[in-house]
Undergrad: 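Just passing along the structure, written as structure tokens.
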Amino acid sequence: MNGKRVLLGVTGSIAAYKAVELARELSRRGVVVDVVMTEAATKFVCPLTFEALLGRPVTTGLFDGGPVGAIPHISLAGAVDAVLVAPASADAIARIAHGLADDILCCTVLACTRPLIVAPAMDEDMYANAATQANIAVLKQRGAVVVGPASGVLASGRTGAGRMSNTHDIVEHTLKVLGRQGDLAGRKIVVTAGGTQEPIDPVRCIANRSSGKMGYALAEACRDRGADVVLVSAPTSLRPPAGVEFVQVLTAQEMYEATKTAVRDTAALIMAAAVADYRPTQTADEKIKKGPGTLVLSLERTIDILGSLRGDFVRVGFAAESNDLEEHARHKLEEKELDLIAANDITSGDSGFGSDDNRVTIIDRKGSVERLPLLSKRDVADHIVNRVVKLLG
Ligand code: CTP
């Protein structure tokens, strides 16, 4: 996202305090954030808060300072890649829907040809009111992305729909919009993640220690470059990324079926999931009771998903190894006839299972070996996606 610029329009709602975190999170993701505040917004949060956090001036009026001759709303509108109005009060939504031009935010939105994202925040009756609904419908009809609102406790103490969506969701939807023109725009990418669980009885299963973080980072990386992502995920404790099609599965067999359906019109399949190679031959209907002796579980092979799903798409596998990393990875690449394999050493303490970082070696069909240093899983994902983009031409 480095270099992408977002205009964050903050309007008069108690949720304005959450816009501070939103601005910071976008900035943390490499987005340059220019803040415009309506007069009402400044009653809730002070411009200095944004200025101190972002190190950039905040615009609050149509006639704010700047270079002589500069027209703030025109120069801002021309400089940004997207406009995000968060929180968007009922009043702000109405003004934007009606094309009013009497404050800095409305004028900038009116002058801007870039995508508009709106995160409504208001009391539930205001949100449910036919006028607000009609205004939101107008914005959607014009192509705006409306994120939320969420349901929960409102500033009035009532519970209902009207809370501004959480920061994570708004950030992710914004990144997706920013990636629309990316190098994967219009392409479908299927990513698998997490560790499958093979039931032994109603309470026990064979599982593994995959956190799913690598696969989720890959899904986000593809989404942020414009891809239509399907994320087929075995259980994890992670929040599904916004802006991707999310398919929850449990077992290797379920993952196979979901992935087989998903790859029909895909450009690439990236199998980051840790799929169980064996499952119990039988799943007990009742909980197995302990006894004095040894318990022997009979296991059978699961289907090799990546090995069996072939077609006119790029296929990327993962190899988690404890020894002879590159040799094992190369063997898997050849055996499954993959385009790329990303291998990681699970014995190194600073990367791999559960960690936020990974040290990965990428090997391709031609035998080229790219040994990456220890990086965040998101950075590793970006490297892998770069290679996929190259393969896709
Ligand atoms: N994989 C798969 N289906 C399986 C098992 C693994 O699609 N039933 C995928 C994984 O998602 C990964 C790659 O295949 O991309 C891993 O290759 P594999 O040789 O199966 O590795 P392991 O399961 O770790 O097996 P081994 O015990 O041979 O190391």
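Quantities reported herein were computed from a predicted structural model and do not represent experimental measurements. Index from 1, following the sequence. All ligand and atom numbering here is 1-based and tracks the order in the structure.
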Undergrad: Within the distance-only criterion (no hydrogens, no angle test), does the side chain of His98 pair as donor or acceptor with the backbone N or O of Ala94 below 3.5 angstrom?
TA: yes
Undergrad: Using a 4.0 Å cutoff against the non-hydrogen atoms of Ile303, which atoms of ligand 1 qualify?
TA: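 Ligand 1 atoms under the 4.0 Å threshold to Ile303: 3 (N), 4 (C), 8 (N).
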Undergrad: For atom 3 (N) of ligand 1, grab the closest protein heavy atom and report residue, atom and distance to one decimal in Å.
TA: Ile305 N, 3.0 Å
Undergrad: Quick check for you: to the nearest 0.5 Å, what is the distance between Asp183 atom CG and Cys222 atom SG?
TA: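 If we round to the nearest 0.5 Å, Asp183:CG and Cys222:SG are 10.0 Å apart.
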Undergrad: To which protein heavy atom is atom 7 (O) of ligand 1 closest, and what is the distance rounded to 0.1 Å?
TA: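 In this structure, atom 7 (O) of ligand 1 has Leu306 N, 2.7 Å as its nearest protein heavy atom.
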Undergrad: For ligand 1, which atoms sit closer than 4.0 Å to a heavy atom of Asp304?
TA: 2 (C), 3 (N), 4 (C), 7 (O), 8 (N)
Undergrad: How does Lys336 reach ligand 1, by side chain, by backbone, by both or by neither, if only non-hydrogen atoms under 4.0 Å count?
TA: side chain
Undergrad: Indicate whether the side chain of Asp364 and that of Ser368 have a donor and an acceptor atom separated by less than 3.5 Å.
TA: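 Judged by distance alone, the side chains do pair up.
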Undergrad: Of all heavy-atom pairs between Val80 and Cys112, which one has the smallest distance, and what is that distance?
TA: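 Residues Val80 and Cys112, closest heavy atoms: CG2-SG, 4.1 Å.
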Undergrad: Under a 4.0 Å heavy-atom limit, does Met271 contact ligand 1 with its side chain, its backbone, both, or neither?
TA: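 It is both backbone and side chain that touch ligand 1.
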Undergrad: What part of Thr302, side chain, backbone, both or neither, has a heavy atom within less than 4.0 angstrom of ligand 1?
TA: side chain
Undergrad: Is it the side chain, the backbone, both or neither of Thr192 that has a heavy atom closer than 4.0 Å to ligand 1?
TA: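 Looking at Thr192 and ligand 1, no heavy atom falls under 4.0 Å.
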Undergrad: When you look at Asn358 and Arg378, which way does the side chain to side chain donor-acceptor pair (under 3.5 Å) test go after all the steps?
TA: CA-CA 9 Å; Asn358 212 353; Arg378 176 53 198 256; over 6 Å; no
Undergrad: Looking only at protein heavy atoms, which one is nearest to atom 29 (O) of ligand 1, and how far off is it?
TA: Lys332 NZ, 2.7 Å
Undergrad: For atom 12 (C) of ligand 1, which protein heavy atom lies nearest, and how many Å away is it?
TA: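 Looking only at protein heavy atoms, the one closest to atom 12 (C) of ligand 1 is Phe318 O, 3.2 Å.
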Undergrad: Is ligand 1 under 4.0 Å from a heavy atom in the side chain of Asp277, in the backbone, in both, or in neither?
TA: side chain
Undergrad: List the closest protein heavy-atom neighbour of atom 11 (O) of ligand 1: residue, atom name, distance to the nearest 0.1 Å.
TA: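 For this ligand atom, the closest protein heavy atom is Ala273 O, 2.7 Å.
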Undergrad: Rounded to the nearest 0.5 Å, what's the gap from CD on Glu326 to CG on Asp345? Could you check?
TA: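 Answer for the CD-CG pair, Glu326 versus Asp345, is 10.5 Å.
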Undergrad: Can you name the atoms of ligand 1, numbered from 1 with element, that are less than 4.0 Å from a heavy atom of Gly317?
TA: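 Checking each atom against Gly317, I get 15 (O).
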Undergrad: What pair of heavy atoms forms the shortest contact from Ile189 to Ala267, and how long is it?
TA: CD1-CB, 4.5 Å
Undergrad: Out of Arg315, Arg365, Arg310, Lys332, which residue meets the salt bridge (charged side-chain N to carboxylate O under 4.0 Å, His left out) rule with Glu337?
TA: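 Looking at Arg315, Arg365, Arg310, Lys332, the match for Glu337 under the salt bridge (charged side-chain N to carboxylate O under 4.0 Å, His left out) is Arg310.
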Undergrad: Please report the interatomic distance CG(Leu26) to CG(Leu84), rounded to the nearest 0.5 Å.
TA: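 Atom-to-atom, Leu26:CG and Leu84:CG are 6.5 Å apart.
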